[in-house]
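The basis for the numbers below is simple: all heavy atoms, side chains too, and nothing from hydrogens, waters or symmetry mates.
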Amino acid sequence: MRRQLIEELRSKGISDERVLAAMNRVPRHLFLDSSFESFSYQDKAFPIGSGQTISQPYTVAFQTEQLALEKEMKILEVGTGSGYQAAVLLEMGCSVYSVERQIDLFKTTKKLLERLQYRPVISYGDGYKGMAAYAPFDRIIVTAAAKEVPQGLLSQLKVGGHMLIPVGPEGEEQRMLQLSRTKQSTIVQKDLGAFRFVPMLQDKQH
Ligand code: SAH
């Protein structure tokens, strides 16, 4: 079923073999509630508890491909959620720093990732603040929709780095933006199309 999903992603335009191979190694069925297990290799988003969702595989593949990753890069992920995207980034050979604002989700996902021997640094906190202790990052991936580009996060991006973030109004489609720091003081913005994400909310939740 996983191989079939990979072929589906290929037919939808994902062409980076490293991304497809990484996704072929991650057991997505273990990142979903067991009641959704039989749907886990469909190209769909699903609820993961606490009102959140595991992103659609195509979206994970698209964001991962557009990040243009190299091995050993330091990546910041905002919105750990199920941990699936973090696992894919680790399979790409990167070091991953991921932040989640919902305590229950944070605890469950931390345990799951440990059990599967995925080793990102994960932190419970407000992703608008990034992870200053580990900054700067080669890449930043935001997996929840912001109303505008969070400048605090951009400040944690290295020169030559890219940030991918869906930006737009809550409950509607957002635009996937690629923000590249080409020089210390220059950010170049590119629109990569329409997507739909759960909102990026302020402050952590207990
Ligand atoms: N990358 C996840 C997608 C999860 S959905 C996966 O692969 O499953 C988005 C996640 O972003 C949710 O878990 C939500 O709680 C989290 N989130 C929303 N606002 C946030 C913020 N300000 N800081 C950290 N996480 C946030």
Side-chain angles (χ1 to χ4, degrees), residues 1-2 4-6 8-14 16 18-33 35-69 75-92 94 96-102 104-106 108-110 112-113 116 118 120 122 127 139-146 150 153 162-178 192-201:
M1 283 166 84
R2 190 147 71 230
Q4 257 172 29
L5 171 65
I6 301 305
E8 188 175 344
L9 296 175
R10 201 192 294 281
S11 73
K12 289 179 176 172
I14 303 298
D16 186 333
R18 297 170 313 154
V19 174
L20 295 167
M23 290 184 66
N24 198 29
R25 288 193 293 271
V26 181
R28 188 171 189 259
H29 60 285
L30 301 179
F31 290 82
L32 291 155
D33 274 3
S35 45
F36 291 110
E37 212 176 71
S38 57
F39 301 110
S40 48
Y41 293 103
Q42 295 185 8
D43 189 20
K44 288 189 183 141
F46 278 103
I48 51 171
S50 310
Q52 299 305 321
T53 55
I54 180 171
S55 301
Q56 183 183 346
Y58 176 77
T59 304
V60 172
F62 182 86
Q63 278 193 297
T64 308
E65 182 168 76
Q66 294 297 327
L67 280 171
L69 298 172
I75 320 295
L76 171 66
E77 179 192 27
V78 175
T80 316
S82 68
Y84 178 72
Q85 173 76 71
V88 172
L89 296 171
L90 288 164
E91 290 283 3
M92 296 289 292
C94 298
V96 179
Y97 300 78
S98 185
V99 51
E100 172 57 53
R101 69 179 284 281
Q102 289 209 2
D104 291 341
L105 212 45
F106 167 76
T108 316
T109 297
K110 190 171 162 48
L112 175 72
L113 289 169
L116 299 178
Y118 283 117
I122 81 165
R139 302 286 188 264
I140 299 177
I141 171 172
V142 182
T143 65
L153 271 184
H162 308 296
M163 169 159 114
L164 278 185
I165 179 170
V167 176
E170 211 174 289
E172 289 175 35
E173 278 190 343
Q174 300 99 27
R175 306 303 301 182
M176 182 69 74
L177 301 184
Q178 181 195 60
L192 303 178
F195 286 84
R196 195 180 275 268
F197 281 80
V198 296
M200 183 175 174
L201 302 171

Got a sec, which residues hit side chain to side chain donor-acceptor pair (under 3.5 Å) with [X], two or more places apart in sequence or on another chain?
| X | value |
| --- | --- |
| Gln174 | none |
| Tyr41 | Arg2, His29 |
| Gln63 | none |
| Ser55 | none |

Minimum heavy-atom distance between [X] and [Y], given as atom pair plus value:
| X | Y | result |
| --- | --- | --- |
| Val88 | Ala22 | O-CB, 4.1 Å |
| Gly79 | Thr143 | O-OG1, 2.9 Å |
| Arg175 | Ala194 | NH1-CB, 3.7 Å |
| Leu201 | Arg101 | CD1-NH1, 3.5 Å |
| Gly81 | Thr109 | O-OG1, 2.6 Å |
| Gly13 | Glu65 | O-OE1, 4.1 Å |

Euclidean distance, [Y] [atom2] relative to [X] [atom1], rounded to 0.5 Å:
| X | Y | atom1 | atom2 | value |
| --- | --- | --- | --- | --- |
| Glu77 | Tyr97 | CD | OH | 14.0 Å |
| Leu89 | Tyr84 | CG | OH | 10.5 Å |
| Leu90 | Gln85 | CG | CD | 10.0 Å |
| Leu5 | Leu20 | CG | CG | 9.5 Å |

Please check: side-chain N/O of [X] versus main-chain N/O of [Y], any donor-acceptor pairing under 3.5 Å?
| X | Y | value |
| --- | --- | --- |
| Asp33 | Ser35 | no |
| Ser40 | Arg28 | no |
| Gln56 | Asp43 | yes |

> Where does the angle between the aromatic ring planes of Tyr118 and Phe31 fall among parallel (under 30°), tilted (30 to 60°) and perpendicular (over 60°)?
Replying inline: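 Plane angle between 30° and 60°, so tilted.
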Going by the rule salt bridge (charged side-chain N to carboxylate O under 4.0 Å, His left out), which residues pair with [X] if we only count those two or more places apart in sequence or in a different chain?
| X | result |
| --- | --- |
| Glu91 | Arg25 |
| Arg10 | Glu7, Glu17 |
| Glu8 | Lys12 |

Checking [X] now: which residues fulfil side chain to side chain contact (heavy atoms under 4.5 Å, CB included) with it, not counting sequence neighbours?
| X | value |
| --- | --- |
| Leu192 | Phe62, Gln66, Leu164, Met176, Gln178, Lys190 |
| Ala61 | Leu9, Ile14, Val19, Met23 |
| Gln102 | Ser50, Gln52, Glu100, Leu105, Gln205 |
| Phe39 | Phe36, Gln42, Phe46 |

>> For Thr80 and Phe106: C-alpha separation, side-chain torsions, deciding distance, then whether side chain to side chain contact (heavy atoms under 4.5 Å, CB included) applies.
In response: CA-CA 7 Å; Thr80 316; Phe106 167 76; 5.7 Å; no
>> Are the side chains of Val78 and Pro150 in contact, using a 4.5 Å heavy-atom criterion?
In response: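 They are not in side-chain contact.
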> Heavy atoms, side chains only, cut-off 4.5 Å: are Ile48 and Thr108 in contact?
Replying inline: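 No, every pair of side-chain atoms sits at 4.5 Å or beyond.
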> Yes or no on side chain to side chain contact (heavy atoms under 4.5 Å, CB included) for Met163 and Leu177, after CA distance, side-chain angles and deciding distance?
Replying inline: CA-CA 8 Å; Met163 169 159 114; Leu177 301 184; over 6 Å; no
>> By the definition side-chain contact (heavy atoms from CB on, under 4.5 Å), identify the one residue from Leu67, Leu76, Ile75 that meets it with Ile140.
In response: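 In the set Leu67, Leu76, Ile75, the residue that makes a side-chain contact (heavy atoms from CB on, under 4.5 Å) with Ile140 is Leu76.
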> With sequence neighbours left out, which residue pairs that include part of residues 162-172 fulfil the side chain to side chain donor-acceptor pair (under 3.5 Å) condition?
Replying inline: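 Passing the test, one end in residues 162-172: His162-Ser180.
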